[in-house]
Structure formats: C-alpha cells, structure tokens
Amino acid sequence: KEIVEKEYYVDDSGMHPRYYQQNAVNRTLEAVAKGQNKIILVMATGTGKTLTSYRLFCDLAKNKAVQYDYVVLLVDRKSLGDQTVKEFNYFNNYEVNSNDIYRTNDGKGLLAEFTKNDGNKKAIITTIQQMSSIASEKKKELQHLKNKKVINIIDECHRSTFGSQLVDIKMVFSENRLIGFTGTPIYEKNKIKNHTTADFFGECIHTFGMLESIQYNYILPLKISYFKTKHQMDKSKKCKTGEYISVEEEFKNIYDSYLWDEYVVDRILEVYDDKSVFNKQLNQYMFNSMIAKSTIENACNTYKLLKEKS
C-alpha cells in the first residue's frame, strides 16, 4: 500500500507526465508491491519510453517501502546514458537528486560501486554492456552480491534479451527483479532462438502502441507516400530468384518477393532528390523512409538490394 499510494510526480518544473506514462509507472509499482519479479512494458518509439523508465527508476529508488540493495537503470549504450541524464536534469526539483545517482563511465567505476561495503542502498545508471562485462569477467569480486536484492530496469530490453548479456547478469544476482521497456517486443510469430520477450520478462502489464500515439497526437504522424504497382507488375517478368510473380498471388507472397523489393527500392531512388532535405551539419542531402517487412530476413534482403542499387 505504501509503495502504490506514493505520489507519482511532485515538483515545480511545470512538466507533467502523460497519462499513459503515469499508468505505466503506477502499474509497475503495483506489480513490484505484489512481488512480481518479471515485468515488461511496451511503448512505441517516440512516446517517452526512456523518460518513463527513469521516472520509475527514481520512484523505486526513493520509496522506502521498496526492499532493495541496488536499483539499476540499464541503458543500451553510453551515449544513450549521457542523453538520459541530460534529459532528466529538467526534473532537478524531483525528490531524487542527481547527486544521489551514481552514473558509471566505465566498468572499473561500476565494479568499485558494487564492491563498496558502506551498507547504503544504491541507485545506479549504467549500460548493459558494462554490467554484462563485469558480471562475466569479475565473478569472484561480485560473489558477495549473490543474495543482494537488485532491481534491474532495462531500457530497450529487446536488444539485450537474446544474447549472453542478460544471462551473465542473472548469474551474478540471484535475487534479481527484471523490469523491461521496449517498443518492439518479440512475439511467438517472430521468436528468436525459440524464445519470446515474455520468456524473459513475463507477460506485458502495459501497452501504448504506435496507432494510439498517432491518434492522440503524442508523436508525429507518418507521412505515407503512395504509388501504383499493380499495372506495373509484369506477369511474365522473372526476378533474380528464378520465380515468376503475378498480381493474382497472395499478398504475402508478393510483398516478400524479390520483385516487389525491386519496385520499392526503385521508387525510393526515383523520388530521392525530391524528398531529400539538406542537412547543414552533415553537409549533405538526406532522405528517410520506413519500409515494413514481415521478417528480419526480408528486411535484410531489402537493405542489401538498396545498397546494390544506390
């Protein structure tokens, strides 16, 4: 009760969380209060996922009712960690002062923080690469942490779920609570190494997707460029894989075919000059395009084709 009823956000900065960010934090605090050890939250890119993970990090760190020895916010790379701390300086009146948060610059500094025997609870921001590195290379020095209560909040958790990094971390901390944030969860239909995101982080307790975020104007809408293809697709044209493509075939077969990729790539290159915007910093024209593919393999094939033709 003490965990759940704690005010989510109190300061004088004038910045307030969006309702879905507040829901995400509140639902996670409720799950923590109930003793849930695996938690996953799905939020579309651009909806403030990293900011929400930090708000949760602060709430857990400052709440005396939460039983932990370490609460750790794991980001994917150092640059993201620097960006995280910079963004959160806007909330400098929040109850957790930035001076109370240890931000690691390297694995050595992280190891030193974990091996301090000062009896204090710790709030740490580090990269999952640094954490994994000391977990795999400094097991002897970290033996005393085996029964410590650790809450790991992993931003962009889909990036580290299926490698050895998460395994290394779990080997060090047996009393490990995992809270994952992602915009692209791995489901049964596109599972990797026969695993899904839920296998590592449990069932999702909060979702705020791309369609909702566009509908409520929380992110910029996608600008869709349409072009006709049906009349252009030659029924007798043979693509490089040796297969014949016809417009009467199922959509899936068409969209996953090499011939379809050729039309899409050719169209991108055709409109590149008109759609490009000059980037002064890079001193070159740039053009962004999003192509949705059904599998990673198909996406890689489209990427290779684009490189070949450009």
Side-chain angles (χ1 to χ4, degrees), residues 15-28 39-58 73-88 90-91 125 127-129 152-163 165-166 178-192 195-198 200-225 264 268 275 277 279 281-282 286-300 302-303 306:
M15 300 182 70
H16 301 282
R18 293 168 177 168
Y19 78 92
Y20 61 87
Q21 295 170 334
Q22 182 167 341
N23 288 344
V25 172
N26 288 343
R27 288 173 184 172
T28 305
I39 300 168
I40 183 71
L41 301 97
V42 178
M43 296 173 63
T45 301
T47 57
K49 185 167 61 270
T50 300
L51 182 61
T52 305
S53 68
Y54 181 80
R55 305 312 302 172
L56 175 64
F57 169 74
C58 288
L73 176 59
L74 295 171
V75 294
D76 184 61
R77 56 187 182 276
K78 183 179 177 182
S79 59
L80 184 55
D82 293 335
Q83 169 194 330
T84 301
V85 174
K86 183 178 180 181
E87 287 181 358
F88 304 139
Y90 289 116
F91 298 88
I125 297 178
T127 67
I128 194 163
Q129 290 86 356
N152 280 315
I153 303 170
I154 306 179
D155 188 35
E156 304 291 359
C157 66
H158 60 277
R159 298 179 184 173
S160 55
T161 299
F162 301 98
Q165 295 173 332
L166 193 58
L178 293 174
I179 303 173
F181 282 80
T182 182
T184 53
I186 307 300
Y187 294 113
E188 185 68 27
K189 61 183 178 181
N190 62 332
K191 59 186 179 181
I192 300 174
H195 287 293
T196 67
T197 303
F200 295 91
F201 292 93
E203 295 303 318
C204 179
I205 66 168
H206 174 79
T207 301
F208 192 76
M210 180 71 73
L211 292 180
E212 292 173 290
S213 57
I214 293 176
Q215 180 182 355
Y216 293 106
N217 297 318
Y218 285 125
I219 64 173
L220 294 175
L222 300 176
K223 184 177 181 181
I224 303 174
S225 178
V264 173
I268 290 174
K275 301 284 187 180
V277 177
N279 186 312
Q281 187 176 2
L282 298 177
M286 299 187 68
F287 169 62
N288 295 324
S289 178
M290 180 183 294
I291 306 172
K293 304 296 292 184
S294 60
T295 66
I296 294 176
E297 181 182 2
N298 289 334
C300 290
T302 304
Y303 170 76
L306 187 58

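Predicted model, so just to flag it, every value in this text is computed and none were measured.
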Participant: Would you find a donor on one side and an acceptor on the other, under 3.5 Å apart, between the side chain of Glu156 and the backbone of Thr50?
Facilitator: no

Participant: Within this structure, what is the CD1-OG distance for the pair Ile219 and Ser213, rounded to the nearest 0.5 Å?
Facilitator: 3.0 Å

Participant: State whether the number of non-hydrogen atoms from other residues, nucleotides or ligands found under 6.0 Å of Tyr216 atom OH is greater than 12.
Facilitator: no

Participant: Any idea which heavy atoms bring Ala44 and Met210 closest together, and the distance?
Facilitator: CB-N, 3.5 Å

Participant: Quick one, Val264 and Thr302 - any side-chain contact, counting heavy atoms below 4.5 Å?
Facilitator: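 When only atoms from C-beta onward are counted, Thr302 and Val264 do not touch, as no gap falls below 4.5 Å.
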
Participant: Can you confirm whether more than 12 heavy atoms, excluding those of Leu211, are under 6.0 Å from its CG atom?
Facilitator: no

Participant: State, to 0.1 Å, how close Phe208 and His206 come at their nearest heavy-atom pair, and which atoms those are.
Facilitator: CB-NE2, 4.2 Å

Participant: Quick one, Thr196 and Tyr187 - any side-chain contact, counting heavy atoms below 4.5 Å?
Facilitator: no

Participant: Nearest 0.5 Å, what's the CZ-CD distance between Arg55 and Gln22?
Facilitator: 11.0 Å

Participant: Distance check, rounded to the nearest 0.5 Å: Thr127 atom OG1 versus Ile125 atom CD1?
Facilitator: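 Reported to 0.5 Å precision, the distance equals 11.5 Å.
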
Participant: Which atom names give the shortest non-hydrogen contact between Ala198 and Glu203, and what distance separates them?
Facilitator: CB-OE2, 4.1 Å

Participant: So, for Ile40 and Gly202, which heavy atoms are closest and what is the spacing to 0.1 Å?
Facilitator: CG2-O, 3.3 Å

Participant: So, for Lys49 and Asp155, which heavy atoms are closest and what is the spacing to 0.1 Å?
Facilitator: CG-OD1, 4.0 Å

Participant: What's the separation between atom CG in Leu74 and atom CD1 in Ile179, rounded to the nearest 0.5 Å?
Facilitator: 11.0 Å

Participant: Please give me the minimum heavy-atom distance between Tyr20 and Thr47, naming the atom from each residue.
Facilitator: OH-O, 2.7 Å

Participant: If you round to the nearest 0.5 Å, how far is CD1 of Ile128 from CD1 of Ile154?
Facilitator: 4.5 Å

Participant: So, taking the atom named CG in Leu51 and the one named CD in Gln21, what distance separates them when rounded to the nearest 0.5 Å?
Facilitator: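 Reported value, rounded in 0.5 Å steps: 5.5 Å.
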
Participant: Is there a side chain to side chain contact (heavy atoms under 4.5 Å, CB included) between Tyr54 and Leu73? Walk through the geometry before answering.
Facilitator: CA-CA 7 Å; Tyr54 181 80; Leu73 176 59; 4.1 Å; yes

